[in-house]
Amino acid sequence: MIDLSVKIGELELKTPIVLASGTCGYGIELKGITDFGAVGAITIKGVSLTPKEGNPPPRIFETPCGVLNRIGLENPGIEKVLELMPEMRKPGVPLIANLHAETVDDFKKLAALCMDFDAIELNLSCPNVKEGGIVWGKDPSLAGRVTGEVRKVTKKTLIVKLTPNTDRLEDVALACEEAGADALSLVNTYQGMEIDLDTWEAWRGGLSGPAIRPLALFAVRRVYEKVKIPLIGMGGIKDENDAIKFFLAGASAIGLGSIMLRDPEAPRRVLSGIIKYLKERNLHGIKDIKGRLRWKD
Amino acid sequence: MIDLSVKIGELELKTPIVLASGTCGYGIELKGITDFGAVGAITIKGVSLTPKEGNPPPRIFETPCGVLNRIGLENPGIEKVLELMPEMRKPGVPLIANLHAETVDDFKKLAALCMDFDAIELNLSCPNVKEGGIVWGKDPSLAGRVTGEVRKVTKKTLIVKLTPNTDRLEDVALACEEAGADALSLVNTYQGMEIDLDTWEAWRGGLSGPAIRPLALFAVRRVYEKVKIPLIGMGGIKDENDAIKFFLAGASAIGLGSIMLRDPEAPRRVLSGIIKYLKERNLHGIKDIKGRLRWKD
Amino acid sequence: MRLREGRVKRNEKKGNFYWMEVEIPEIPSLAGPGQFVMVRGWEGYELFLPRPLSIAWSSSTCLFFLIRVKGRGTELLSRMKPGEKIWITGPLGRRIELPEKFILVGGGIGIAPLLFLSRWGKGYAFVGGKNKDEIFGTELLEKNGFEVFLATEDGSLGYKGTVVDLFFKKLPERLPVYACGPRPMLEKLQGYDGEIYGFLEERMGCGMGICKGCAIRTKGGIKHLCTDGPVFNLKEVVFD
Amino acid sequence: MRLREGRVKRNEKKGNFYWMEVEIPEIPSLAGPGQFVMVRGWEGYELFLPRPLSIAWSSSTCLFFLIRVKGRGTELLSRMKPGEKIWITGPLGRRIELPEKFILVGGGIGIAPLLFLSRWGKGYAFVGGKNKDEIFGTELLEKNGFEVFLATEDGSLGYKGTVVDLFFKKLPERLPVYACGPRPMLEKLQGYDGEIYGFLEERMGCGMGICKGCAIRTKGGIKHLCTDGPVFNLKEVVFD
Ligand SMILES: Cc1cc2nc3c(=O)[nH]c(=O)nc-3n(C[C@H](O)[C@H](O)[C@H](O)COP(=O)(O)OP(=O)(O)OC[C@H]3O[C@@H](n4cnc5c(N)ncnc54)[C@H](O)[C@@H]3O)c2cc1C
Ligand SMILES: Cc1cc2nc3c(=O)[nH]c(=O)nc-3n(C[C@H](O)[C@H](O)[C@H](O)COP(=O)(O)OP(=O)(O)OC[C@H]3O[C@@H](n4cnc5c(N)ncnc54)[C@H](O)[C@@H]3O)c2cc1C
Ligand SMILES: Cc1cc2nc3c(=O)[nH]c(=O)nc-3n(C[C@H](O)[C@H](O)[C@H](O)COP(=O)(O)O)c2cc1C
Ligand SMILES: Cc1cc2nc3c(=O)[nH]c(=O)nc-3n(C[C@H](O)[C@H](O)[C@H](O)COP(=O)(O)O)c2cc1C
Ligand code: FES
Ligand code: FES
């Protein structure tokens, strides 16, 4: 018997497949398209205290095996999002609120408003505006502080989503764990840019998709070797093979991001593939592969 | 008239196309294959004071639109490499010695031995063994120090090759400029890993190829906005369009790396494409596009 | 609206465009005027995203696309051969309500979604392009009860000039207008003093509202092309 | 040795393998025993590197490959159709000097380079595979003057067992041996008390000595498969 359930903090996921933030809307849009039976949890598009317009177009570019986005965290604000709760509940899957804010206070207020969600995920890829604008997730002490402060106001499962754009990834991860995070989610996108060859216009953006898989996998592994809390691993996963690599690297669950834009039926496809892989090897669950890679260097 | 020559320190390149280190051997191997008329300079495979065996196989993996390598800086040592000088001279193209060492002293000794090269490139992606093993290029003061010390022992054009695996890229670049570097070369590979799904064996490696282009482009631009010395931009360039993006981002010359493994005739192809692009727009040389992108955010 | 696998039935070069017929029985009966689909004609991931294409026509089991090669994606689509697999999600976007009589104004490849619209009414169709190789579908429009006015910039077919010029010159009746074409064309049409709707374009991620990639500026704030559009009241759109 | 564009002339499934003929006039006359080429049958960059393939046979203008599907690259190659473009660099690797009479030992797809070798001499060929679908080229070997011994692990053709077992059992004469097949097979053959050469495999970047990706451990230190090999004196190789 194969047991695919995983526990992330207090959260029981029926499958180890999490829909990553920003690539599944509020889940609602995927009604009738995605088979939610294959989904362990839905992470909604990042939400802030007040509405955000996001960036002017263009917002999305294609790069070799990758997607570069500069959505700019567009969202209607937490109040409007809470109104969607009845609709968001329909798939019957645990809901994770992905939050972003520019101050510790706003993060706390947001978290306190998320009572009806099953878990909270802090997106630390945005800048801390009060303290010099440094991105929360680039600085272990900032990351630890915001995690600790949010921890005080909520008993919900608290996930911290890490940015890979830092040398101090492991220290940031440790700081979040010490400050009370129940789990870590990584990676968010890698900073890149694109240029239009005709107009010479240029845009910054975050890179995701298969291109980043080798980098993301390494980020997950480095964090796995440092912390004890479970990890939701993501970055370029397109099929079961990629997913299994993240489990072998140490992820307890995996996130599907960009692939949802191309194939909204990816959750079932990936889940079936994982089951097949486990069966063929007589393995009984994610725990039999989690972290089990063998370094050859 | 289109003028494609560029100056990198004292080095006059007839074309802005540099063969990147580690992907063109010693140039010798490409005799009769690559059209050296299209090549501005050859950067030889990284060399150290004493021979290095490199890593046991496997050493190279393919990832989506990328190459992950763990060659391990295999080389026969500087003495043996110097013996190749007559052969290396045959293409008639300036030669850049790519050096790596574990101590400042070794870097100095190496540089002093490179009298017959046209320029020296310090590869700062390897660890400084005496001082805790931190990678030279991750720390502005280390990077500045090694650059300054090498500067003292050579009058050759001194290029410093930067690693993108750091938050402090701009500071490292500035430190190298202040310490006397004539030019900077970037990026080296991004740290990643690969796992074999059958054996669960895992290897660390450096990612290169089209996958990293959006990241490398951004790295080049960030450095361009900080320093005055010329940049050799590279990372995922496969065709003229990619090359032009690097010029628009601020590179004075561009490096062809992984593409040489797939298409050793890339220099001519890319050069012809650059000329066509310039002609179609009535532009006269790289200076007409260098750095000229327009940020839209 | 699920991701379906179809098969290319034909793919013919017509002037500067390709006319592609795809067998994909699940979709045609659901498709309404103004809708589009996301199309992928390759299995690899180098081109990661599917491409948005208008539904240009349909039969009971097939969709028809009119394609102009722009970059790698449309080039791959243009090279597809009968029998090859193709993946399509749709129909997507907002179905529009059409009056009985209306005017179509199409520039270049912009004619694609207008052909489909012509099935739902009667009226006048202004069709323009750089030259005669960019004029497509006049017989179909006529068969559907549309009087066709042609314009080419080089004068190789019909009126010599832009389709917008021709439109403002020949405007037969003040009817609602549905336009599709390059941005400058739509901007000029904003000046029409009647009801005017335009098919907009923006880079898309998903085509189904989950990525927020397809933002469009309107007087009422940011809208999303794939869920609020692709057809917008042109007077509401802010071009910049 | 430059990068050349060729055209697939035929590509036929033969048991578990594909037999591909490629028209590429510049290469055949240069190709010698023991050499290989780097092959790419796709234009995109998702699969970035070309794949090493042995020269299995040649005519005046064509190269022949025997291909076993392993991953995406060989799968794409196996699906190629006559007329399609293919890019090849070569011949690469060290040409070997063959005696007049020698023994070939091939396991599975390992038969590919041995077929080409059979053109340069006479002798005995031991050919093995998991089952009869992995046996290829016996007629060609016989035509070239080789006495053929067959082994399949399931006994579906010839001796039931491994080709190495058969070889040690039937060894007709103490002649130099050229072997190609899976690593365990080559390891076992190291025990042969005569001259023994093996075709090794390693992941390659460039195939022409510029990347140092293809390291092979030998008693004499690291060697490079693409420039020092692919054929090595098996007694010198360190398997680990
Ligand atoms: C709703 C809608 C309907 C469309 N209908 C048609 C049609 O019927 N026939 C037709 O030929 N074209 C149509 N287009 C335009 C077509 O989608 C683009 O030309 C195509 O996506 C370009 O892809 P590419 O790979 O060839 O070009 P590239 O420029 O290489 O594409 C790179 C990326 O940018 C995106 N992109 C580039 N240009 C556009 C654009 N103008 N609009 C949207 N995304 C773009 C691509 O989808 C891709 O993600 C439509 C666009 C939209 C938004
Ligand atoms: C000198 C030489 C000659 C060869 N001759 C033949 C032949 O005639 N017929 C044949 O079918 N196969 C041959 N092979 C093996 C063939 O090159 C691999 O099976 C093929 O590269 C696998 O590519 P893939 O994309 O299908 O598999 P994947 O496993 O997806 O390949 C991923 C990467 O690993 C490399 N790789 C994987 N396996 C091998 C391998 N065994 N050897 C080298 N690189 C590998 C690939 O080249 C690619 O870069 C030869 C290998 C070498 C080194
Ligand atoms: C269009 C888009 C929007 C995203 N929005 C968010 C977001 O709002 N909050 C967040 O934490 N991550 C966001 N992400 C990051 C993804 O959740 C994920 O971490 C990242 O894309 C890497 O995974 P992937 O390679 O599978 O896409 C977004 C990514 C994309 C492509
Ligand atoms: C196989 C291989 C070997 C390399 N060896 C070196 C080296 O010895 N010294 C060095 O500075 N960079 C080395 N590099 C890095 C390249 O010079 C280049 O900076 C990097 O690959 C990014 O460019 P690309 O994406 O065009 O390959 C190597 C890269 C590859 C793929
Ligand atoms: S394209 Fe994704 S929301 Fe419109
Ligand atoms: S494959 Fe590049 S050196 Fe051998």
Side-chain angles (χ1 to χ4, degrees), chain A residues 55-56 58 61 63-68 70 72 135 138-139 165-168 190-207 209-222 236 238 240-242 244-246 248-249 277 281 289 292-297, chain B residues 55-56 58 61 63-68 70 72 135 138-139 165-168 190-207 209-222 236 238 240-242 244-246 248-249 277 281 289 292-297:
Chain A
N55 286 322
F61 303 89
T63 68
C65 285
V67 171
L68 190 80
R70 52 185 293 280
V135 167
K138 286 196 173 200
D139 183 292
N165 299 298
T166 170
D167 285 344
R168 291 183 285 174
Y190 287 80
Q191 288 174 316
M193 67 177 284
E194 188 51 300
I195 307 177
D196 184 305
L197 282 177
D198 290 319
T199 64
W200 300 1
E201 292 170 315
W203 301 268
R204 269 165 274 253
L207 185 66
I212 68 169
R213 190 199 66 211
L215 311 182
L217 203 54
F218 189 46
V220 167
R221 181 62 188 191
R222 271 147 57 208
K238 56 178 164 35
E240 67 269 23
N241 290 337
D242 296 338
I244 288 157
K245 287 178 186 178
F246 279 84
L248 290 170
Y277 181 92
R281 286 161 182 78
I289 55 176
R292 296 287 184 86
L293 61 76
R294 293 184 297 120
W295 280 122
K296 295 293 281 182
D297 57 6
Chain B
N55 286 322
F61 302 88
T63 68
C65 284
V67 170
L68 190 80
R70 52 185 293 280
V135 167
K138 285 198 174 200
D139 183 294
N165 300 298
T166 168
D167 286 345
R168 290 183 287 174
Y190 286 79
Q191 288 174 316
M193 67 176 285
E194 189 50 300
I195 307 177
D196 185 303
L197 282 177
D198 290 320
T199 64
W200 301 0
E201 292 171 316
W203 301 269
R204 269 165 273 253
L207 184 65
I212 68 169
R213 190 198 66 210
L215 311 182
L217 203 54
F218 189 46
V220 167
R221 180 64 188 190
R222 272 149 54 209
K238 57 179 163 36
E240 66 271 22
N241 291 337
D242 295 338
I244 288 157
K245 287 178 186 178
F246 278 84
L248 290 171
Y277 181 91
R281 286 162 182 77
I289 55 176
R292 297 285 184 88
L293 63 77
R294 292 184 297 120
W295 280 122
K296 295 293 282 182
D297 59 4

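Labels below follow one simple rule: chain letters A, B, ... track the order of the sequence lines, proteins then strands, and each chain is numbered from 1. Quick note: numbers below take in every heavy atom, side chains included, and nothing from hydrogens, waters or symmetry partners.
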Heavy-atom side-chain proximity of A:D297 to B:E201 below 4.5 angstrom: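 A:D297 vs B:E201: side chains apart.
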Engaged part of [X] at the chain A interface, taking heavy atoms whose separation is under 4.5 Å:
X	value
B:L197	both
B:I289	both
B:L215	both

Partners meeting side chain to side chain contact (heavy atoms under 4.5 Å, CB included) with B:N55 (sequence neighbours left out):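 In terms of side chain to side chain contact (heavy atoms under 4.5 Å, CB included), with neighbours along the sequence ignored, B:N55 is linked to B:R70.
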With A:Q191 via side chain to side chain contact (heavy atoms under 4.5 Å, CB included) - residues at least two apart: A:K138, A:N165, B:F218
Closest approach of A:W203 to B:W295 (non-hydrogen atoms, all atoms of both residues): C-CZ3, 3.8 Å
Give, as side chain, backbone, both or neither, the part of [X] having an atom under 4.5 angstrom from any heavy atom of chain B.
X	result
A:A249	both
A:L293	both
A:L217	both
A:R292	both
A:F61	neither

Ionic contact status for A:R294 with B:D196, cut-off 4.0 Å: no
Cationic N near anionic O, under 4.0 Å, A:K296 to B:E194: no
Chain A interface, residue from B:A211, B:G66, B:G72 that has the most non-hydrogen pairs under 4.5 Å: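 Most heavy-atom pairs within the cutoff with chain A belong to B:A211.
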Residue selection (most heavy-atom pairs with chain A, distance under 4.5 Å) from B:L207, B:L68, B:I195: B:I195
Value rounded to 0.5 Å, distance of CG in B:L248 from CE in A:M193: 8.5 Å
Closest-packed option against chain B by number of heavy-atom pairs under 4.5 Å, given A:P64, A:P58, A:A219, A:G236: A:P64
Between A:R204, A:K245, A:K238, the one whose heavy-atom pairs under 4.5 Å with chain B are most numerous: A:R204
Partner of A:D167 by side chain to side chain contact (heavy atoms under 4.5 Å, CB included), out of B:T166, B:V135, B:D139: B:T166
